[in-house]
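Notes follow once the structure below has been shown.
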Amino acid sequence: MKTRLMISLLFSLTFTGIRQSGAQLNGILPTSDSPVLKTEHTQQPDTQMAWWREARFGMFIHWGLYAVPAGEWNGKTGYGEWIRTSAEIPLDRYDLFKHSFNPVQFEAETWVRLARDAGMKYIVITAKHHDGFCMFGTKQTDFNILTTPFKHDPMLELAAACKKFGLKFCFYYSIMDWHHPDYLPRRDWEKNRTTEGADFNRYFSYMKAQLNELLSNYGDIGVLWFDGEWESAWNEKYGREIYDYVRALQPLILVNNRVGAGRIGNEGPPIGRAFGGDFGTPEQQIPDTGIPGVDWETCMTMNNHWGYNKTDKNYKPAREIIRMLADIASKGGNYLLNVGPTAHGLIPEESIERLETIGSWMKINGQAIYGTMASPFRDLAWGRCTQKKTTNGTILFLHVFNWPYDGKLEIPGILNTPEKAHFLSDHDTTRLKIMRTHENLVIVLPKTDPDSLLSVIALYLREKPDLTDPPEIINEFDTFTDSLSIILYSGRDSVEIRYNFGDSEPVFSSPLYTGPITVTTSATMNARCFRNGNPVSSAISKEFKKISPVPSINHHYDTTMEKGLLFRYYEGSWDSLPDFSQDKPIKTGTIRDFLFIPRNQDENFGFVYEGYVWIPETNVYSFSTISDDGSCLWIENQLVVNNDGLHGMVEKSGNIALAKGYHKIRLAYFERTGSDNLTVTIKSPTLSKQPLPQEILCH
Ligand code: H79
């Protein structure tokens, strides 16, 4: 876990890198008809993200027509908001639920008060889920709540209640739509829903018209939370257009990463590669170390379903939910916790109980969550830490998950002399005894945990945390071809970094680090922090290896080379990449890029691309493939990326040292069923990560 300071430093390094490397790559290529660097950082600025980062805790509401069957169809009870597709309910049958949807017990203020009292600062509700049913008054379709017996628009009341209670009101909107005739593709099992005349661009206009309604009729909307973007019809171009469209309607709005087409797995960082909105959305999971440099929000159910399921009583205890919230905050993320109201308009009793318990904890401990930053510690055996800057120092909030049996809470490797410590439940009245043993602080605690939900201790520092962390070696690559600039960094105040090469730890007489150090031979670099002549960290070391680049075929740029790659197209049903050389291709030809054109079918196909890649300078390169399903990349017959196998979007990478000039490149890809995707990226110490530009592919 890194502090935000570190993150922003790395960010500025990266972004400077992008600009420089873009110029370099452009400079080397004689022609460049399309921009080489396509990815811009379009995320909302810090000021726009501020309320969301402060909030840390929100309520997700999955409410729709699926609440009518309440998870049951044909005697099976395992369904939720996916019921229409999971239970294969025909469209006209599903439509009938409309006539029995009459949530007369719905009270907007009751819901919003419940969220507020639980300590939640925003609400994200399903305006439209995958089933296509609109929970808001829309003029674009009859398939909406105004045409049910309920007849009115609950979103108007929720918007008003949120305004009254000071919560941000936000919409979930599904891109995937199982109802609209223009949405493609159809479900596999929907044999009698014709696709004839279906026009996805018309569906796109429908989406825009609905988003216009959502952003015009309900006041300020905090977030637009897209979902269901992974199907083949959606792409980055649509994503960008929608993002710009909603930001033009409400400039302050935040948009989640699922607006784009670049999500990897159920998580996927939103920025830095293919375009992807303002924050990442790990679903039903908490990333082990957060997502460095990226805003993110874990969304999670309380039981096993998002939409109401009458038989699902498998609720997480409040204690577990609270600990998840602390865990998420300690990693710099937000927690969007779901409720699935009934078709009568009621939030399930079990959810209410838990929210009330969470609220009682938040009342006392909320300051350890709201507006906090990620933990400065890499790992704490007994729990989690969040931190907040104050006018004259830092408060560390220590969330004690495992109570120390000997009553001694050890905070490892911290040199500050703290002012005081107390339980948040004690309102500063009872100070806890703090001792020091070597580099560790020890807080003396009562023998038993005062709060079975989660006890939090505030530890007040007069400065920023001074942890005994060694310097960091920033270089990502540990191999080089000619020479290498090694960059060291420490975020600590008034420390000197001293370094040496070889087997021994740096001492005070070792050279002082003042800027990048260039090495021209293989070397092991050691570095350590010093203050007032004394070491104040352990030493870190990293081995850098000089390697010989793979020679190129021709190191002059050749304008007569044919642009694009040769491709061979195959059909078949594989679990992993076959040896395509044994099969007869169905089509062959040339293609500009790693595209799936031309193909005869959306599934059970494969491509092999072959040609040359122009490498602008001798260096170490990292290549990656992001693919669904499997792919492998060879350069000069060396397997550089092995991303084989049946899987959703997965990224794998590998390194190779290459001499300036042309190199043989070959990529094999296969798609079994479901969505398909392939992106190939390149990166080097001087080139920021980017999709392989078409300009450097030839045959
Ligand atoms: O609204 C709730 C769910 O109904 C919805 N998202 C939450 C917030 C949801 N729809 N589908 N899923 C969750 C699971 C989908 C998983 C997959 Fe994929 C889609 C697996 C393969 C395609 C996304 C893209 C995850 C991996 C690749």
Side-chain angles (χ1 to χ4, degrees), residues 58-67 69 71 78-87 122-135 170-179 183 185 187-188 223-236 239 255-270 274 276-277 279-287 296-309 312 334-341 602-603 626-630 643 645-651 671-679:
M59 177 183 272
F60 214 169
I61 305 180
H62 274 71
W63 197 33
L65 219 44
Y66 38 79
Y79 305 114
E81 74 292 346
W82 270 68
I83 192 165
R84 174 158 129 65
T85 282
S86 307
Y122 58 111
I123 288 180
V124 184
I125 186 161
T126 47
K128 185 191 87 166
H129 204 266
H130 307 334
D131 65 357
F133 183 73
C134 300
M135 289 294 289
C170 313
F171 285 124
Y172 168 107
Y173 186 89
S174 174
I175 292 168
M176 176 158 72
D177 191 315
W178 304 327
H179 196 272
Y183 180 82
R187 306 306 96 196
D188 299 339
V223 173
L224 256 178
W225 213 105
F226 289 99
D227 198 5
E229 85 294 1
W230 59 81
E231 292 203 318
S232 50
W234 198 249
N235 59 36
E236 194 184 317
V255 179
N256 71 335
N257 63 334
R258 301 186 187 188
V259 70
R263 179 154 63 117
I264 301 173
N266 239 341
E267 178 184 317
F279 60 90
T281 51
E283 179 169 325
Q284 302 284 40
Q285 56 177 311
I286 303 173
W296 58 277
E297 172 192 74
T298 283
C299 56
M300 201 178 275
T301 52
M302 269 199 221
N303 54 0
N304 295 340
H305 293 86
W306 298 94
Y308 179 62
N309 179 301
D312 180 359
N334 279 17
Y335 195 22
L336 188 63
L337 181 63
N338 184 69
V339 297
D602 286 346
E603 299 186 328
I626 303 153
S627 73
D628 169 1
D629 293 298
N643 194 1
L646 265 188
H647 52 67
M649 287 267 263
V650 168
E651 174 161 16
E671 158 63 10
R672 173 79 160 264
T673 57
S675 51
D676 52 64
N677 221 304
L678 172 63
T679 307

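Residue numbers start at 1 and run along the sequence shown. Please read all numbers here as calculations on a predicted model, not as lab measurements. Atoms within a ligand are numbered from 1 in the order they appear, just like the ligands themselves.
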With no hydrogens and no angle check, is any side-chain donor or acceptor of Asn338 less than 3.5 Å from a backbone partner on Met300?
no

Nearest non-hydrogen contact to atom 19 (C) of ligand 1 from the set Trp306, Tyr66, Trp230 belongs to Trp230

*asked:* For Thr281 and Asn257, which I'm curious about, is there any donor-acceptor pair between the side chains at under 3.5 Å?
replied: yes

- Would you kindly say whether Ser174 and His130 are connected by a side-chain donor-acceptor distance under 3.5 Å? yes

Donor-acceptor contact below 3.5 Å, side chain Ser627 vs main chain Asp629 = yes

Here the atoms of ligand 1 under 4.0 Å from any heavy atom belonging to Tyr172 are 1 (O)

Practice item. Measure the distances from the heavy atoms of Met176 to every atom of ligand 1 and state whether one is below 4.0 angstrom. Key: no

Non-hydrogen atom of Glu81 closer than 4.0 Å to ligand 1: yes

Near Trp82 (heavy-atom distance under 4.0 Å), the atoms of ligand 1 are 4 (O), 9 (C), 10 (N), 11 (N)

Exactly one candidate in His62, Arg258, His129 meets side chain to side chain donor-acceptor pair (under 3.5 Å) with Tyr172; the answer is His129

Report task. Could you say whether the N/O atoms of Glu283 and ligand 1 ever approach to under 3.5 Å? Result -> yes

